[in-house]
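Each remark here refers to the structure printed beneath this line.
Just the heavy atoms: all of them, side chains too, but no hydrogens, waters or symmetry mates, feed the values below.
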Amino acid sequence: MSGYATGSGTSSRYSYSRFKEQLGLPPVSIRNLSVSSDEQFSFDPEKSVHSCSHCNFVVQSPASGGAFTLPVSLTKKQVEKGVKAGCSFIAWCVSEAAEVGKRPPLQFDVQFIMKEGDKHDIVEAEFKFHRQFGPSLTVCAKRNDPAAQYISTRPINPDVSSEASFTLARQWIEDCHSTHTECLPNDDDFVPKMLIEVGLEGVKAPRLYIPKNGEKLLWCCLSYCWGGDQLIKTTRTTRDPFAKNIPRALMPQTVRDAIKTTRKLAVPYFWVDSLCITQDDPVEMADQISHMSEIYKRTHVTIVASSAGKSTDGFLQHRVLDELDIPMFALPYRSPDGRLGTLCFFSDNGYDPRTEPVRKRAWTMQERLLSSRILDYGTRHMRWASREYSHALKSTYIAGTFAELLPESLLWGVEMQKQRMKPSGYRAPSFSWASIDSPVKWYGFPFTSYHEYEAAAVLGTQNEKLVGVHSREATAVLGMDTKLIRPEDPYGAVSECYLKLKVRLVEDKWQGSPEFSGDANLIKFELSARADAIDEVYLELCQSVAIPVYILALLISSGSQLCLVALSDDGIRFRRVGFVWMSFGRFNDREWEGRDIILL
């Protein structure tokens with residue numbers, strides 16, 4: 001191990017300010033920056049946004065704060081003059097009003113909506129050309145505008161690798177560090193087994209670094225999609241050479257970009273799984289994977305390469321913005337302190353961060369949930385998220401889900417026309433999505449995605465969406481048990497796991513054939529079932545209608561019912577093989593039997 005770079009032995013925290021001085025970074029002022037919002041766009045350079053005498057309606061923010069309404073009245077003559085003069089605001093209002101059958105003169109309200117938990121930070125404006133609804137625009141303020149003291153969203157900056165963007169990222173982090181005590185990692189001695197010392201660009205190359213016991217360090221983590229095997233990894237053979245120098249030319253672009261970002265954030269160390277875990281050492285792999293939660297919980301900031309589908313893509317490229325991403329117009333804004341500033345409005349074009357490549361991976365979802373501070377490089381812009389997920393892990397983890405999500409989290413199914421495969425050996429119980437090697441989808445959740453639902457459970461919140469959604473539960477969880485391969489890793493591989501459930505079930509017969517691509521008919525109820533995997537169990541079921549299957553009613557709601565299709569070993573122990581939709585009336589059938597079972 002003599003070839004490794006080691007720490008200095010000091011137990012004091014590495015000086016953040018000293019490293020910034022080495023980089024030659026100017027001191028950062030956060031006097032006029034409000035960055036307490038959970039999600040913020042990166043700003044663009046000071047570009048002109050349309051404003052003229054025809055749209056000088058002053059938005060007056062009440063001193064008391066909270067949502068408020070601006071009434072707007074445009075006579076026919078005002079509209080004609082404004083459109084003729086090229087006023088973007090009036091032209092947009094005329095176009096949107098026409099969508100709901102309104103013609104000049106126009107009278108409408110603009111309702112300004114605040115960020116949750118903040119009385120003055122306007123995030124959205126809804127234009128009510130109709131009494132019940134209207135188009136909404138995102139509200140932002142430029143960095144140097146007086147409004148920026150209250151309005152945290154900035155116009156999108158397509159150049160995410162510009163000095164201006166990195167300066168803003170440092171401002172976000174410093175403000176969070178100084179004001180959000182909940183986001184700070186615990187003051188203990190934990191550091192990963194290996195880190196990358198990023199060095200100074202053009203002066204010192206990155207190298208592997210092994211901290212000494214008791215050394216307290218700052219590091220950034222990378223959350224990204226591998227997209228296949230990595231060309232450069234730390235192995236038993238490369239460990240010693242990498243302790244002197246990790247060749248930049250061999251690094252995938254995403255890792256290069258992350259190291260550059262870490263340097264620009266003035267953080268001296270960096271962690272990425274492919275280089276900071278010895279990939280051909282199974283003992284080290286198992287040990288470090290069991291510490292993943294600590295690595296991401298205690299990172300200074302997690303850099304999320306959301307836009308990169310694979311490690312060779314990178315994430316610091318110049319973004320190509322849609323026309324609707326650019327602010328369309330600006331309105332004068334009187335802030336609570338009386339100063340006059342400007343609000344800019346743009347549509348945000350329906351961007352949904354959940355569609356990013358990184359959101360489709362379970363590993364990266366875990367990394368996101370565990371991280372307190374996230375610098376997210378999406379397809380369209382850089383975003384900042386400050387959260388306390390990692391400090392509120394109150395749920396019981398069980399083979400890919402959380403106990404607090406049961407029985408709803410059993411309502412997954414393989415997507416249509418997707419390959420349905422199972423691993424060769426045991427990986428997880430049949431009720432877990434982790435038991436198959438196919439894309440899955442959750443059905444019947446009161447959230448728009450499983451990620452949101454799981455995040456709520458991880459936080460231990462009692463959200464209204466989680467409570468009292470279903471009119472009647474048909475399944476109750478009586479108990480559970482998990483045997484871990486490594487007891488010290490509660491989120492690791494399992495050798496055995498089961499749920500004890502009180503259920504309502506009914507027997508049926510399975511009719512299918514291999515060419516059905518995983519679909520089958522249940523004869524008695526005349527329902528179409530979807531198999532979890534096309535394996536030997538499925539093929540055996542297809543070859544005979546003599547094998548009974550059981551429909552387990554999980555939840556009964558007013559609109560949809562989801563059931564598991566299971567096989568029984570002895571009338572008590574069951575294995576899941578698929579799922580089925582049922583109509584509400586079918587649950588009134590007297591043939592349904594109440595029983596306590598074990599679902600393996």
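- Between the Tyr333 side chain and the Pro146 main chain, no donor and acceptor come within less than 3.5 Å of each other.
- When all heavy atoms of Ala67 and Met114 are compared, the pair lying nearest together is N-CG, 3.9 Å.
- When all heavy atoms are compared, the tightest approach of Phe315 to Ala305 is CD2-CB, 3.6 Å.
- Ring to ring, Phe329 and Trp92 are close: their centroids are under 6.0 angstrom apart.
- Looking only at atom types and distance, the side chain of Ser306 has a donor-acceptor partner in the side chain of Asp376 under 3.5 Å away.
- Shortest non-hydrogen contact noted between Cys221 and Trp219 is SG-NE1, 3.6 Å.
- Using a 4.5 Å heavy-atom cutoff, the side chains of Val198 and Val267 are not in contact.
- Panel note: side chain Arg256, backbone Met251; a donor-acceptor pair is recorded below 3.5 Å.
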Test log, rule side chain to side chain contact (heavy atoms under 4.5 Å, CB included), inputs Thr312 and Thr254
CA-CA 6 Å; Thr312 55; Thr254 296; over 6 Å; no
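- For the pair Arg263 and Phe166, the minimum side-chain heavy-atom distance is 4.5 Å or more.
- In this structure a side-chain-to-backbone donor-acceptor pair under 3.5 Å is present from Arg170 to Lys264.
- Between atom CD of residue Glu126 and atom OG1 of residue Thr69 there is a gap of 9.5 Å, rounded to the nearest 0.5 Å.
- Separating the CD atom in Glu356 from the OH atom in Tyr377 is a distance of 14.0 Å, to the nearest 0.5 Å.
- Between Val110 and Lys128, every side-chain heavy-atom pair lies at or beyond the 4.5 Å cut-off.
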Under the criterion side chain to side chain donor-acceptor pair (under 3.5 Å), I'd like the reasoning laid out for Gln230 against Ser311: C-alpha separation, chi angles, the key distance, then a yes or no.
CA-CA 8 Å; Gln230 302 300 286; Ser311 63; 2.8 Å; yes
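- The shortest side-chain heavy-atom distance between Phe190 and Ile295 falls under the 4.5 Å cut-off.
- In this structure, Gln317 contributes its side chain and Asp313 its backbone to a donor-acceptor pair below 3.5 Å.
- A distance of 16.0 Å separates CG of Leu411 from CH2 of Trp433, quoted to the nearest 0.5 Å.
- Looking only at atom types and distance, the side chain of Trp226 has a donor-acceptor partner in the side chain of Tyr224 under 3.5 Å away.
- Within the 4.5 Å cutoff, no side-chain heavy atoms of Phe127 are placed close to those of Val72.
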Steps toward side chain to side chain contact (heavy atoms under 4.5 Å, CB included) verdict (Val123, Thr138):
CA-CA 6 Å; Val123 294; Thr138 297; over 6 Å; no
Verify side chain to side chain contact (heavy atoms under 4.5 Å, CB included) between Val304 and Arg368, making sure each step is shown before the conclusion.
CA-CA 8 Å; Val304 181; Arg368 189 178 187 90; 4.0 Å; yes
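- Thr75 has its side chain within reach of Gln78: a pair of non-hydrogen atoms, C-beta onward, lies under 4.5 Å apart.
- For the pair Arg373 (side chain) and His300 (backbone), a donor-acceptor distance under 3.5 Å is present.
- At least one donor-acceptor pair under 3.5 Å links the side chain of Asp118 to the backbone N or O of Asp121.
- Of the charged side-chain nitrogens involved, none lies within less than 4.0 Å of a carboxylate oxygen, so that Lys102 and Glu96 do not count as a salt-bridged pair.
- Rounding to the nearest 0.5 angstrom, the gap separating the OG atom in Ser223 from the CG atom in Leu375 is 12.0 Å.
- With no hydrogens or angles considered, no side-chain donor-acceptor pair links Glu367 and Thr302 at under 3.5 Å.
- Going from atom OG of Ser73 over to atom CZ of Phe108 covers 9.0 Å, rounded to the nearest 0.5 Å.
- For the pairing with His120, the side chain to side chain contact (heavy atoms under 4.5 Å, CB included) check across Ser61, Ser152, Ser64 returns one residue only, Ser61.
- Within a 6.0 Å radius of CD in Gln107, other residues, nucleotides and ligands contribute 12 heavy atoms or fewer.
- Thr261 contributes a side-chain N or O that, together with a main-chain N or O of Asp257, makes up a donor-acceptor pair within less than 3.5 Å.
- Ring planes of Phe89 and Phe57: tilted class, angle from 30 to 60°.
- In this structure, the side chains of Leu343 and Phe112 come closer than 4.5 Å at one or more pairs of heavy atoms.
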Check against side chain to side chain contact (heavy atoms under 4.5 Å, CB included), Val301 and Trp172:
CA-CA 11 Å; Val301 63; Trp172 284 338; over 6 Å; no
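- Shortest non-hydrogen contact noted between Ala85 and His54 is CB-NE2, 3.5 Å.
- Using a distance-only test at 3.5 Å, with no hydrogens or angles considered, a donor-acceptor pair links the side chain of Asp337 to the main chain of Arg339.
- Here the side chain of Thr342 pairs no donor or acceptor atom with the backbone of Leu331 at under 3.5 angstrom.
- When every heavy atom of Asp109 is checked against every heavy atom of Pro71, the shortest pair comes out as OD1-CA, 3.5 Å.
- Closest approach of Gly314 to Ser307, counting heavy atoms only: O-OG, 4.4 Å.
- For the atom pair CD (Gln253) and CG (Leu316), the distance works out to 8.0 Å, reported to the nearest 0.5 Å.
- Formation of a donor-acceptor pair under 3.5 Å by the Asp175 side chain with backbone atoms of Gln171 is not found in this model.
- You'll find the side chain of Ile277 reaches within 4.5 Å of the side chain of Trp271, heavy atoms only.
- For the residue pair Ser136 / Glu124, a side-chain donor-acceptor distance below 3.5 Å is found, with atom types taken as modelled.
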